[in-house]
Amino acid sequence: MSQGLPDRSNDFSAWYTQIVNRAGLADYGPVKGTMVIKPYGYQLWENIREIFDKMIKDTGHVNAYFPLFIPKSFLAKEAEHVEGFAKECAVVTHTRLKSDDLKGVVVDPESKLEEEIIVRPTSETVIWSMYKKWIQSHRDLPVLINQWANVVRWEMRTRLFLRTSEFLWQEGHTAHSTPEEAEQETLDILELYRELAEDYLAIPVFTGLKTDSEKFAGAERTYCIEAMMGDKRALQAGTSHNLGQNFAKAFDVTFQTKDNKEEFVWATSWGISTRLIGAVILTHGDDKGLRLPPRIAPIQLVIIPIAKNEEEKDLKNYLEPITAALKKSKIRVYEDWTNNSPGFKFNEWEMKGVPLRMEVGPRDIKEQKVVLARRDEKGKLSIPKDDVIDNVQRLLDNIQLKLITQARDFRDKNTHIVKEYDDFKSIISKGGFVRCGWDGNSETEAKIKQDTKATIRCIPFDEDPKELTCVLTGHKAKHEVIFARAY
RNA sequence: CGGAGCGUGGCGCAGCCCGGUAGCGCACCACAAUGGGGUUGUGGGGGUCGCAAGUUCAAAUCUUGUCGCUCCGACCA
């Protein structure tokens, strides 16, 4: 399409790769599958992080940091947990190199470790080894800790933001004295995730429970938020796990109750990652590039000055109070004085997804006006310069609202209620979500996955399976579920 | 690890079949003009054609080997 971007409706994945690159978000690092997050992409992450960090602090959580390295033996303590992560761990076996005449540098065999070290794929095990020391009494509970960190999962096939060997995330790890409290925590966090996705990222999500085959390795129950991307595939955007007493038992973490009994503590863990940035791109992007929701956009308003060399000084004077006022109103604003043509800049900033653009040139100075253009709509608006702040604020709010509305309409239009397996197959092959009955049998689930590549994204909270039959077997449905092909 | 394809300035590619001076677009540097939807002009820098061996007067091009990458399957926030 324009700017030589690949046609989005034809080759969604080529389009995605180009956008990530050309909008200046990220690139692959030298080690295969690793990601470099460039400044513009990182600012996006910082904005998301700041919003969620405030949410969890407001709900009584605190931040801490645990080590990157985990003794290999820790991973084996929880049976399902090893099972889930063993195949994708980076392992440290030696502690130094030495120079070699032929090969330059080699691993020094003398430095081999007694016990190998795992680079964390997730931190449950280190954290619970510490909780054992910290928790003795019900008075020590709950423990509500979050950490912002990187984790490593040695993925075979990677894609920027969606799946890389190393990624940034937050992981919360809480300990409670009752199962009810742990369950409540799990659900409360899921609600924060929903709020983050919908109210800030403008991504509508389904909330619900994962099936046993899709749940986190070591969890009793996994809840998730699931979103539909622009190509109608599903993306898991966040998960919240009720770990029951699994990790407490594995790491022998007990506490004394009020009536002096000893009990294992109840645990949760939950996480969202830089994958959310991928979700934003895949949800809101269009033929011209990225579209960023104003509430997380690193730049909310870009100003394009239009002036000949000799007019530059006048223009700077004209703009100075306007920009100052915008900054004072906490609007993230940037003046682009680079030496490109205006048309080039328009396209450039549209690609980068900036929600609002202001054009200012000699014409506007004469009329004491500015021109505003929305990223999500055609047309331009000429307004008096004294009305800039009001208009900018109003338009940003409006764009935020429009993005979520558009995304929700798209998702709803492509979510189908289905009874027959033939309909199921035809919809899945064209792309989209299917709501249908499921007999609760994991073999049924596996069969459908094999047939169609679709998986159960979640058992939605608002399910109503009473009248339903299983889409594959025709047996009485145990649950109403949402099926889709996923990233 | 199975199936397909690709390695030529920073990026994207042509040249290879039929051996003979390494080319194009973009990007980059300099100067000038231009500036309200990817703006021109002029000049300039940068590549032992993935690597190795072979055939030949001569190899980006032919032969053999080797290494690397991408895409599709099994794994996955």
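Residue numbers begin at 1 in each chain, while the letters A, B, ... track the order of the sequences.
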* If you measure from the ring centre of Trp169(A) to the centre of the six-membered ring in the base of rA77(B), is it under 5.5 Å, with the planes under 30° apart? ->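 Ring-base stacking flag not set for Trp169(A) and rA77(B).
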* Identify the nucleotide, in any strand shown, that forms a Watson-Crick or G-U wobble pair with rC28(B), with both distances under 3.5 Å; if there is none, say none. =>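 Result: rG44(B).
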* To do: Can you tell me the pairing partner of rC69(B) across any strand shown, Watson-Crick or G-U wobble, with both distances under 3.5 angstrom?
  => rG5(B)
* Asked: Going by distance alone, is a donor N or O of one side chain under 3.5 Å from an acceptor N or O of the other, for Ser269(A) and His173(A)?
  ->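 No, no side-chain donor-acceptor contact under 3.5 Å.
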Is there a donor-acceptor contact under 3.5 Å from the side chain of [X] to the main chain of [Y]?
| X | Y | result |
| --- | --- | --- |
| Gln147(A) | Glu171(A) | no |
| Lys232(A) | Phe410(A) | no |
| Arg8(A) | Gly285(A) | yes |

Using only modelled atom types and a 3.5 angstrom limit, is any donor from either the side chain of [X] or the base of [N] paired with an acceptor on the other?
| X | N | result |
| --- | --- | --- |
| Asp364(A) | rG36(B) | yes |
| Glu350(A) | rG37(B) | yes |
| Lys380(A) | rG37(B) | yes |

Can you tell me which nucleotide in [options] comes closest to the side chain of [X]?
| X | options | result |
| --- | --- | --- |
| Met156(A) | rA77(B), rA74(B), rG37(B) | rA74(B) |
| Arg153(A) | rU39(B), rG36(B), rA77(B) | rA77(B) |
| Asn339(A) | rA77(B), rG36(B), rU34(B) | rU34(B) |
| Pro342(A) | rA77(B), rG37(B), rG36(B) | rG36(B) |

Nearest-angstrom distance from the residue atom [atom1] of [X] to [atom2] of [N]:
| X | N | atom1 | atom2 | value |
| --- | --- | --- | --- | --- |
| Glu310(A) | rG35(B) | CD | P | 9 Å |
| Asn309(A) | rU34(B) | CG | P | 8 Å |
| Arg159(A) | rC75(B) | CZ | P | 18 Å |

* Considering heavy-atom distances to RNA chain B, does Lys453(A) or Ala373(A) have its closest nucleotide positioned more toward the 5' end? ->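 Here Ala373(A) is the residue nearer the 5' end.
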* Structure fact -> Between Lys32(A) and Glu214(A), whichever has its closest RNA chain B nucleotide further toward 5' is Lys32(A)
[atom1] spacing across the pair [N] / [M], given as an integer number of angstrom:
| N | M | atom1 | result |
| --- | --- | --- | --- |
| rG15(B) | rG7(B) | C1' | 15 Å |
| rC71(B) | rG35(B) | C1' | 43 Å |
| rG3(B) | rC49(B) | C1' | 29 Å |
| rC18(B) | rU61(B) | P | 14 Å |

* Examine rU39(B): is either OP1 or OP2 under 4.0 Å from a nitrogen or oxygen in the side chain of Ser341(A)? Give yes or no. =>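 The answer is yes; a side-chain N or O of Ser341(A) sits under 4.0 Å from OP1 or OP2.
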* Are any of Lys308(A)'s side-chain N or O atoms less than 4.0 Å away from OP1 or OP2 of rG35(B)? ->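 Indeed, a polar side-chain atom of Lys308(A) lies that close.
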* Asked: Charged N to carboxylate O below 4.0 Å: is that the case for Asp376(A) and Arg374(A)?
  -> yes
